[in-house]
Amino acid sequence: QVQLVESGGGLVQTGGSLRLSCAASGSIFSIRSMAWYRQAPGNQRYLVATITSGGNTNYADSVKGRFTISRNGAANLVYLQMNSLKPEDTAVYYCNVNGRAYIDGDSRNFASWGQGTQVTVSS
């Protein structure tokens, strides 16, 4: 199985910056894409940014121009650099990775979630 461990959350003031990290481990054969989602209390989990194995990126309109997603494929790491943070960015941020891994003796599709890291932006 594939496990994701994320870190880098914290408390910052409006206009500040944070860098989130997510490390994937396990018997990974290949990764198709990596992504960051966020979820505020009582709300749906929303897609923030994605990056493919080829380096193509996409962003939610609310963060475009402020957030940057990047990856280190050799180390199975994905990052989210968050600049010009706003109070509305406050949420628990989750990384997601999908691809193929060695599961139950065979190569199978997988999609794994990190445990979440809290980002709080004060006004």
Measuring from atom [atom1] of [X] to atom [atom2] of [Y], what distance do you get when rounded to the nearest 0.5 angstrom?
X	Y	atom1	atom2	value
Gln3	Ser112	CD	OG	7.0 Å
Arg71	Tyr79	CZ	OH	11.0 Å
Tyr59	Thr50	OH	OG1	8.5 Å
Lys64	Thr57	NZ	OG1	8.5 Å
Thr68	Asn83	OG1	CG	6.5 Å
Ile31	Arg100	CD1	CZ	13.5 Å

Atom CD of residue position Gln39 - does it have more than 12 heavy atoms of other residues, nucleotides or ligands inside 6.0 Å? yes
Under a 4.5 Å cut-off applied to non-hydrogen side-chain atoms, are [X] and [Y] in contact?
X	Y	value
Phe67	Leu85	yes
Gln118	Thr90	yes
Val2	Val97	no
Ser33	Asn98	yes
Glu6	Trp36	yes
Met82	Val121	no

Got a donor-acceptor contact below 3.5 angstrom from the [X] side chain to the [Y] backbone?
X	Y	answer
Arg108	Ile103	yes
Thr14	Ser122	yes
Gln115	Val5	no

Minimum-distance pair of heavy atoms, taken over all atoms of [X] and [Y]:
X	Y	answer
Leu4	Cys22	CB-SG, 3.9 Å
Ile69	Ala35	CD1-CA, 4.3 Å
Phe110	Ser30	CE2-O, 3.9 Å
Ala91	Ala40	CB-N, 4.0 Å
Ser17	Ser84	OG-N, 4.3 Å

Consider only side-chain heavy atoms of I, L, V, M, F, W and Y, link residues closer than 4.5 Å, and tell whether [X] and [Y] are in one cluster.
X	Y	answer
Tyr93	Val12	yes
Met34	Leu77	no
Val78	Tyr37	no

According to the interplanar angle, ranging from 0 to 90°, do the rings of Trp113 and Tyr94 count as parallel (below 30°), tilted (30 to 60°) or perpendicular (above 60°)? perpendicular
